[in-house]
Every structure is written in structure tokens, then in C-alpha cells.
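I'd like to ask you about the structure that follows.
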Amino acid sequence: MKPVPIKKLFGSRDLLRLESNKVDLQIREKLIFSVICVHVVLMTLFVADMQHRQRSFLLEAAEAGALKQAGLTADAAAFWVIADDAAGMNEVLQLSRQNTPVRYAFIMDMRGQVLAHTNREQLGTFINDTEILRVLHSPKQARVWNSDEKLIQVAAPIMVEDDTLGWVMLGMGTAPTFDHLRKIGLDGLLYTITAIILGAVAAWLLANIVLRQLGLILQGVDRMQNNDLGTPIPVVVDDEIGKVARALNRAMSSLSQSAEKLQKEMHERAEAQQRIRHLSRRLMDGSEEERKRIGHDLHDELGQSVTGFQFALHSLRDLLPHGTKDAGELCDKLIGYAEEMGDSIRRIAANSWPAALEHMGLVVAGRAFIRECAKRSPNIRFIFEDTLPEDDNPHRLDPRLELACYRIIQESVNNALRHAEAAHISVEIHEQEHHIILQITDDGCGFDIQKTPGQYSSEQGGIGLIGMHERAAALDGTLHVLSSPGNGCCIEACLPLLRS
Amino acid sequence: MRPVPFRLPFICLALVCLAFALSQAGCNKPEEKKEKLPEYSDRPALPLSPPYRFAVHPQENVKRVFAAYSPLAALLKKECGTSSQLIVPLTYDDFERRLRERMFDIALADPSQVFESLDSGYRVLASAGDRNTYRGLIIVRRDTNIHDVRDLAGRPLSFSAPSAFASTLLPKAFLHENGLDLHSCPMRYVGSETSALMSVYFGKTAAAGTQPRLWKQFREEHPEIAASLMVRWATDPFVTDAVIIHTSVPEKEIARIRAQILGLHETPEGRNVLNGIGISKFEPSTTEEYLQLARFMQKHAEAFSLAPQSAMQKGAQ
């Protein structure tokens with residue numbers, strides 16, 4: 001299985017850095033904002049609720065205090081009302097104002113006449129207030145007859161046994177209550193701001209603690225991305241994030257072991273591949289040697305024999321007496337057979353070992369091969385282009401490179417002739433950046449490389465796609481096949497330039 | 001969907017909450033609106049005629065006196081339609097001063113106050129209580145060695161007020177008649193009969209003056225203390241307290257009030273009122289009956305620290 005790159009596992013380095021920055025900023029902000037918002041909401045609710053309760057409590061307390069004050073004043077005034085002593089009543093009222101927020105106080109009899117008043121101008125006047133007059137004839141108990149944001153007004157009966165002598169009316173200011181409430185509100189605001197600040201600082205510290213470990217984790221991931229699996233992530237906290245760091249360390253350790261194992265396997269595989277390639281090269285070299293020997297034998301020995309046989313037949317026909325028509329015709333026929341046999345032997349010898357390649361180089365041999373093909377397939381148009389220097393140049397290509405190129409051209413063209421039903425076949429040879437580039441293109445029916453690789457394997461002694469690959473790889477080159485059904489085929493080989 | 005930026009909703013929420021908090025902190029100032037204060041007028045809102053001012057002399061705790069006599073005032077209003085304001089001055093001096101200044105329309109006064117009020121335009125409407133029971137009592141501790149009037153010589157005596165007739169003047173007259181030089185005795189006027197008796201109980205004084213009705217009441221309220229006290233002497237009965245009325249009250253009204261007062265003992269409701277006051281009934285009386293007080297005052301002028309001539313002049317008048 002092909003090893004998966006670490007970058008694919010963890011994403012690109014830039015993306016990771018971007019993510020790490022984003023996390024770094026957002027977690028701190030989120031924490032601080034969340035804590036601030038929670039503090040603001042909770043403290044606001046708390047302060048509002050506290051104020052509401054305090055307001056109710058203080059107003060109730062103020063009303064209770066006013067009622068109590070009025071009751072005490074009524075009790076104290078009873079003697080003076082019984083005695084009809086205005087001075088005494090006034091003294092009681094003045095006493096009721098001492099150290100209390102009493103705004104006004106007066107004593108009235110059951111007719112509504114003011115018997116005593118903290119404002120002496122009202123002495124002897126009559127109450128002309130329906131609400132207070134209603135109090136005169138209501139049940140004999142102290143009550144709040146009017147209460148608003150500024151003044152709590154209460155009434156308390158002046159009783160002796162069951163007799164009501166009159167009423168003490170008292171107005172108590174609420175300023176102290178609201179001053180107190182305002183102070184509570186301001187204190188609450190101060191507490192809220194303090195809580196926000198403390199919360200924000202705590203969140204900032206917490207974020208730093210969390211982000212420190214996260215930062216170390218991200219640095220560790222960066223190292224992993226750079227294949228540095230040997231340096232573990234420092235664990236500075238013992239919480240969940242610390243556990244994540246430990247888990248990552250374990251994963252890194254496991255990954256490191258796997259990577260080592262993989263490296264070892266890859267090394268072994270490369271060595272094996274090298275050995276196979278070496279073996280393949282030796283096999284190919286052996287094969288080429290054998291083909292060369294067979295080609296030489298066919299050309300030098302069998303070819304010479306057939307040529308001698310031809311000469312012998314010609315001599316035999318010349319020796320035949322006139323009038324032996326049948327024997328002459330037979331000799332001609334045998335001479336024809338011998339010529340065909342000679343052609344076949346030369347062709348087979350050329351296929352097994354192109355002598356032109358050995359003696360005249362790749363371009364000449366290539367052209368000769370194409371010419372031969374064109375002769376055999378007159379319906380197909382062949383094109384051969386090259387930009388290589390002349391083959392007789394002192395810097396001629398290495399024989400191994402020439403042979404590999406020739407074989408690739410030979411195999412590609414033979415495949416096209418056999419399977420492609422092409423109208424055009426072109427062969428291009430170029431030198432580019434210390435590489436030889438071969439391109440064999442046809443406009444034939446094409447094929448699906450993934451589905452039918454075997455169709456283009458070697459047949460009848462051909463080297464096939466695999467053989468072409470092996471030949472290219474043996475010279476540290478590459479070979480690519482581009483084809484699809486209906487779109488022809490293009491075989492491109494890129495081989496390092498070697499000079500002889 | 002486009003993600004909502006993280007900060008925006010939180011910032012908005014925080015600002016709203018802060019604004020709310022600030023508003024909460026500053027909203028406790030009372031709203032500036034007009035106060036509702038009581039309204040006054042020179043004329044009464046209720047159509048009630050001014051009541052008669054009915055005063056009772058402060059023979060004891062004013063609240064108790066008020067509670068005792070308020071049913072009488074209520075009954076007078078109910079039966080006669082006479083609205084009255086019951087007044088119990090805190091002191092005898094105040095009561096007598098206001099009598100002299102004609103500040104009461106009707107009053108229940110002791111004999112000396114009745115006698116004094118005659119100069120101020122008052123006249124007797126009825127006498128209060130049984131004539132035989134109106135006398136002075138001299139109270140001492142049971143464990144005392146006082147057996148004779150002269151044993152009190154030089155020892156402090158306690159009374160409610162200098163001018164209380166039954167509780168002060170009658171006992172003083174008795175002691176004077178029986179040979180005690182009152183000038184040798186420090187006089188303690190302690191404001192009420194109860195206080196005078198408590199002074200004897202605590203040993204601050206050797207004897208105290210009171211009257212039968214109040215002594216009975218004291219024994220009911222303080223039986224343990226009363227048990228250690230005893231009546232050493234009782235004076236002869238004298239004319240009782242009287243209801244006096246000012247001559248400015250219309251005759252028709254005077255007649256109605258007199259009839260109502262004198263008939264109290266004839267109805268259950270009236271008897272309840274009398275029971276609360278501590279007398280059995282009001283009896284018809286005249287101003288002339290109280291003129292004998294002049295002779296009494298003259299006889300005991302020395303005991304009362306009055307100039308004999310002054311007392312005689314009052315009697316002549």
C-alpha cells in the first residue's frame with residue numbers, strides 16, 4: 001500500500017497555522033466575553049432583584065416606622081388631648097419630629113379641626129380633604145392613607161379605652177429610603193463592575209492556561225507535519241487538554257514506530273525493486289545479446305547459405321540445355337522461393353538485432369524501421385521527426401539508450417499497426433534538458449489503460465507496455481501512456497541523456 | 001448559511017445589560033411629581049356644631065377619669081343631643097385656672113372648686129354621689145406606731161394636690177382640729193391619690209389623704225399593697241363633688257342636661273354610667289349648699305395656709 005503523506009492526514013501547514021491563530025484568538029475572546037456577559041447578566045439580575053426587594057422592604061419598613069411613630073405620637077398625645085392642652089399636643093408633635101424624617105404632623109379632633117400642627121399657621125383650621133375625612137369615620141386603627149415616592153402619610157387614632165378622641169396625622173418623607181436605595185444601586189453597580197473585571201481577569205488567566213497547552217499541542221502538530229515525530233509535546237496541565245496532549249504523544253510515538261517500520265519496508269522494497277530491475281536489465285541485456293547472436297547467425301550464416309543456394313540455382317538454370325522448359329521454370333520458382341526466404345531471414349535478423357542501429361545510430365535505424373513499416377503498410381501515413389544531431393557525430397548516444405529508444409519505438413509502432421487501425425503514426429525524437437524525449441502518436445481507436453493493459457502487452461516476441469516501462473526505468477527514465485477509447489494513443493518516454 | 005460573528009450578540013447583550021444595570025442604579029430617585037398634602041380650610045367640612053366643653057377635675061389618672069366619664073358625655077349627646085367635648089386637665093391648678101377663665105361649659109368639680117367657680121359665672125346643677133360617703137380618709141402603714149394624730153407631728157404627709165377637697169382639705173382640717181400642727185409636717189403633693197398612697201407604702205411619708213371611693217378603687221387594683229396599709233382616721237362627711245354649668249349655656253339646654261343627669265340612676269344604661277364613675281346617682285343640689293364651704297374654709301384657714309380674712313371674704317360673697 002502506498003504510504004499516506006502526513007500533510008494529507010493533518011492538512012496543509014498554512015491552513016493549520018491559520019486555524020491555530022483563529023483558535024488562539026477566539027477561545028480567549030469567547031471566554032472573556034462569556035464571563036463578562038454572564039457576570040453582567042447575573043449581577044444585573046441580582047442587583048435588580050436586590051433593589052426590588054430592598055425597595056419593597058425599605059418602603060414597608062418606612063411605612064411600618066411611620067405607623068409606629070404615629071401610634072406613639074397618638075399615645076403620647078392622648079393625655080394632652082384629654083386635657084385639651086394645645087401646648088402639650090404641640091410639644092408631642094415637635095418631639096415626634098426629632099431624629100425622624102417627619103415632614104408634617106398634626107392632631108385633629110373628630111370634627112376635623114386641627115388641634116395642633118407642626119406648622120403653626122394651620123392651628124384651628126379644618127381639614128378639607130375627603131381622604132382624611134374618610135379616615136375620621138373609618139375603623140379605629142392606624143393606617144397608611146397615602147403613600148407615594150416622596151411621602152408616606154399615615155393616620156393613627158388617639159384612643160382612650162374605646163373612645164376615639166381624634167387622630168394623629170403624620171407625613172414621613174421617603175428621602176432617606178431612596179438615598180439608601182440609590183446607595184445600594186451604586187454599590188451594586190460597583191460590585192458588578194468589580195465582578196466583571198475579576199471575571200475577565202480570571203477568564204484571561206484561564207484562557208492562557210488552556211491556550212498554553214493548546215499552543216504546545218499545535219507546535220507538536222507542526223513538528224509532526226515536518227515529520228519530526230521524536231520530540232514529544234510537553235504536558236503542562238493535568239486536565240482534559242493535558243490528556244489530549246498525552247494522547248497525541250502516544251499517537252506520535254505509535255506513528256513514529258509505524259513510520260520507522262514503513263521506512264524499513266520501503267527501503268527493503270526499493271532494494272528488492274533495484275534487484276528486480278537489475279535482474280530485468282540483465283535479462284534484457286541477455287535477451288538482446290541472444291537476439292543479436294540470432295540476428296548475426298541468421299544474417300551471416302543462414303543468409304549466406306540462402307544466398308549461396310540462390311547462386312547455385314541460377315547456375316543450375318544456366319546449365320540447363322535449351323528445350324528443357326519445365327526444368328527452367330522449376331529453377332525460376334526455386335530461385336523465387338530462395339529470394340523470399342532471404343528476405344524473411346533479413347527481416348527477422350533485422351528485428352532481432354537492427355544492424356543499422358549498431359553501425360549508424362538511432363535516427364538512421366529509426367528512419368529505416370519506419371520506412372520498412374511504410375513499405376509493409378502503404379495505407380498508413382508515417383511521420384518521423386527528430387532534432388538530434390547526426391548519428392555520425394562524435395557525441396553519439398550511449399548504445400544502451402539507443403537500443404532502449406529503438407525498442408520503445410519498435411514496440412509502440414508495432415502495437416499501433418496491430419491494434420490501432422490508425423491512419424497516421426508519427427514518431428518524434430527530441431533532446432531536451434539533458435533528456436531524450438520520445439513521442440509515438442497514432443490517431444487510432446485508442447484504449448482504456450486501466451481496463452485493458454494486457455492487450456498491449458508483448459505479443460509474438462514484442463516487449464509490450466510493461467517491457468517499455470522496464471526499459472525506461474532501467475535507464476532511470478519514465479514512460480507515460482496517454483490513451484482513451486476513440487482518441488488514439490500517445491506514448492511519451494523521457495530518458496536521461498547518456499553519451500557514448 | 002453565513003455564520004453570525006461571535007462577538008456581536010454578546011456585545012449587544014452586554015451593552016443592554018449594562019444599560020439596564022445603570023438605569024437600575026440611577027432609577028431610585030423619586031419621580032418629580034407634586035406631593036399630595038392635606039388640604040385645610042377655615043370652615044369645617046363636616047356640618048357639626050361646636051360641642052359644649054365638659055371638664056372633670058383630675059381626681060386621679062386623667063385617662064382613667066376620661067374613660068370613666070366619656071360614657072356620660074356620650075349618653076348626654078345621645079339623650080339630649082348635646083354634643084360635648086370631655087376634658088380632663090392634667091392638674092388641679094390647670095383645672096381651676098381654666099374654671100376661672102370660664103373655659104368650660106360644664107364641669108364636675110370638688111366642693112372647694114365649686115365654691116371657687118361661683119365667682120366665674122358657674123352655678124350648681126347637681127351633686128355627685130351619696131352625701132354620707134363623701135369624706136376624707138387618712139391612710140397609714142399597718143406596721144406604723146402612729147396611733148394618735150399628734151404622732152404625725154414633724155413627719156411628712158402626702159396628698160394628691162393642695163386643693164383636692166376630699167383628699168386634701170378634709171384630712172388636713174381633721175388633723176388640724178385634732179391638734180396637729182400642720183406647719184411642722186412637710187407636705188408632699190404628688191399629683192394623684194395613687195401616688196400619695198404609694199408614698200406611704202414606700203415609707204416616704206407617714207400618712208396620706210384620700211377619699212373612700214378612690215381608696216376602694218386602690219384596694220381593688222393593688223390588693224397586696226393595700227393590705228399593708230390601713231385607714232387610721234376618717235373625717236365627717238361633707239358636701240360632695242358637684243356638676244356646675246356656666247350661665248352662658250341656654251336655660252333650655254341646662255334644664256335638659258339637669259333632667260338627664262338626675263335621672264341617670266333610673267335607667268340601666270344610666271346606672272352603668274354611674275357605676276363607671278363610682279357613684280350611685282346624681283342628686284339635686286343648689287349653689288347655696290356650697291356656700292357653707294366659706295365657713296369651713298375660714299375655720300381651717302390656718303390649716304390650709306390661707307389668710308383668714310380672704311376665706312371670710314369668700315364666704316361673705
Side-chain angles (χ1 to χ4, degrees), chain A residues 26 29-30 33-34 36-37 40-41 43-45 47-48 51 55 78-80 82-85 88 103-104 106 109-114 122 124-133 136 146 148-151 153 160-163 165 169 171 174-175 178-179 181-182 184-186 188-189 192, chain B residues 6-7 9-11 13-18 20-22 24-46 48-51 53 55-56 58 61-68 70-71 73-74 83 85-91 94-95 98 103-104:
Chain A
Q26 283 194 351
E29 283 184 0
K30 279 178 184 174
F33 273 117
S34 301
I36 287 174
C37 289
V40 167
V41 171
M43 287 301 292
T44 302
L45 289 175
V47 171
Q51 274 200 308
R55 183 190 175 96
F79 281 99
W80 305 104
I82 290 170
D84 192 30
D85 189 327
R103 294 265 300 280
Y104 75 83
F106 66 86
D109 64 13
M110 295 304 289
R111 296 186 306 141
Q113 186 172 25
V114 176
Q122 305 296 351
T125 58
F126 292 87
I127 288 297
N128 191 20
D129 191 311
T130 50
E131 281 190 63
I132 298 179
L133 290 173
L136 283 176
N146 183 270
D148 56 33
E149 297 287 333
K150 298 178 81 172
L151 198 61
Q153 301 186 86
V160 174
E161 301 289 336
D162 290 333
D163 292 319
L165 307 184
M169 310 299 290
T174 57
F178 281 93
D179 285 345
L181 276 176
R182 197 155 37 247
I184 289 172
L186 290 173
L189 186 61
T192 303
Chain B
F6 171 76
R7 298 178 201 123
F10 282 90
I11 291 171
L13 183 62
L15 287 175
V16 168
C17 291
L18 269 176
F20 179 65
L22 288 170
Q24 281 293 308
C27 74
N28 289 309
K29 192 175 181 180
E31 291 176 18
E32 293 296 333
K33 64 179 183 182
K34 192 179 177 184
E35 288 180 332
K36 176 180 169 39
L37 290 170
E39 296 172 9
Y40 305 93
S41 169
D42 292 334
R43 287 183 295 180
L46 301 174
L48 294 173
S49 56
R53 296 163 69 80
V56 178
N61 180 293
V62 292
K63 273 195 174 178
R64 184 177 293 161
V65 174
F66 185 92
S70 60
S83 175
Q85 176 193 354
L86 182 61
I87 299 168
V88 186
L90 296 180
T91 63
D94 189 30
F95 180 79
R98 288 157 83 173
M103 291 179 69
F104 305 131

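Just so you know, these numbers use all the heavy atoms, side chains as well, and skip hydrogens, waters and symmetry mates. Below, chains carry the letters A, B, ... as their sequence lines are ordered, and counting in each starts from 1.
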| task | Show your working on side chain to side chain contact (heavy atoms under 4.5 Å, CB included) between A:N128 and B:Y40 and close with a plain yes or no. | result | CA-CA 5 Å; A:N128 191 20; B:Y40 305 93; 6.0 Å; no

| said: Less than 4.5 Å to any heavy atom of chain A: does that hold for the side chain of B:P58, its backbone, both, or neither? | reply: neither

| Within a strict 4.5 Å, meaning less than it, do heavy atoms of the B:P38 and A:Q122 side chains meet? |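 Sidechains of A:Q122 and B:P38: no contact.
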
| field | Partner chain A: residue of B:V56, B:V88, B:V65 with the largest heavy-atom pair count (under 4.5 Å) | value | B:V88

| request: Could you please spell out the steps behind the side chain to side chain contact (heavy atoms under 4.5 Å, CB included) verdict for B:Q85 and A:D109? | output: CA-CA 10 Å; B:Q85 176 193 354; A:D109 64 13; 5.9 Å; no

| said: If I measure from the heavy atoms of chain A, does B:R53 come under 4.5 Å with its side chain, its backbone, both, or neither? | reply: side chain

| query | Would you say the side chain of B:M103 lies within less than 4.5 Å of the side chain of A:D84, judging by non-hydrogen atoms? | reply | no

| said: Under a 4.5 Å cutoff for heavy-atom pairs, which residue among B:A67, B:A74, B:P71 has the most contacts with chain A? | reply: B:A67

| message | Does any part of the side chain of B:D42, heavy atoms only, come nearer than 4.5 Å to the side chain of A:T125, both counted from C-beta? | response |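 Counting from C-beta outward, A:T125 and B:D42 do come under 4.5 Å.
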
| query | For A:I184, is it the side chain, the backbone, both or neither that has a heavy atom under 4.5 Å from a heavy atom of chain B? | reply |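 Answer is neither: A:I184 stays 4.5 Å or more from chain B.
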
| query | In terms of side-chain geometry, is the basic nitrogen of B:K36 or A:D148 positioned less than 4.0 Å from the acidic oxygen of its partner? | reply |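 No.
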
| Proximal component of A:I82, with respect to chain B [non-hydrogen, under 4.5 Å] | both

| Taking all non-hydrogen atoms of both residues, which atom of A:F126 and which atom of B:R43 are closest, and how far apart? |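 Smallest heavy-atom distance, with atoms named: CB-O, 3.4 Å.
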
| said: How close do A:A83 and B:P89 get, counting heavy atoms only, and between which atoms? | reply: CB-CA, 3.8 Å

| Part of B:L86 within contact of chain A (heavy atom distance under 4.5 Å) | backbone

| Atom pair NZ (B:K63) and CG (A:L165), whose distance is rounded to the nearest 0.5 Å | 9.0 Å

| task | Pick one of side chain, backbone, both or neither for A:Q153, based on which atoms fall under 4.5 Å of a heavy atom in chain B. | result |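 The side chain, not the backbone.
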
| query | Stepwise, does the side chain to side chain contact (heavy atoms under 4.5 Å, CB included) test hold for B:L37 with A:L151? | reply | CA-CA 9 Å; B:L37 290 170; A:L151 198 61; 3.4 Å; yes

| query | How long is the gap from CG on A:L133 to CD on B:E39, to the nearest 0.5 Å? | reply | 10.0 Å

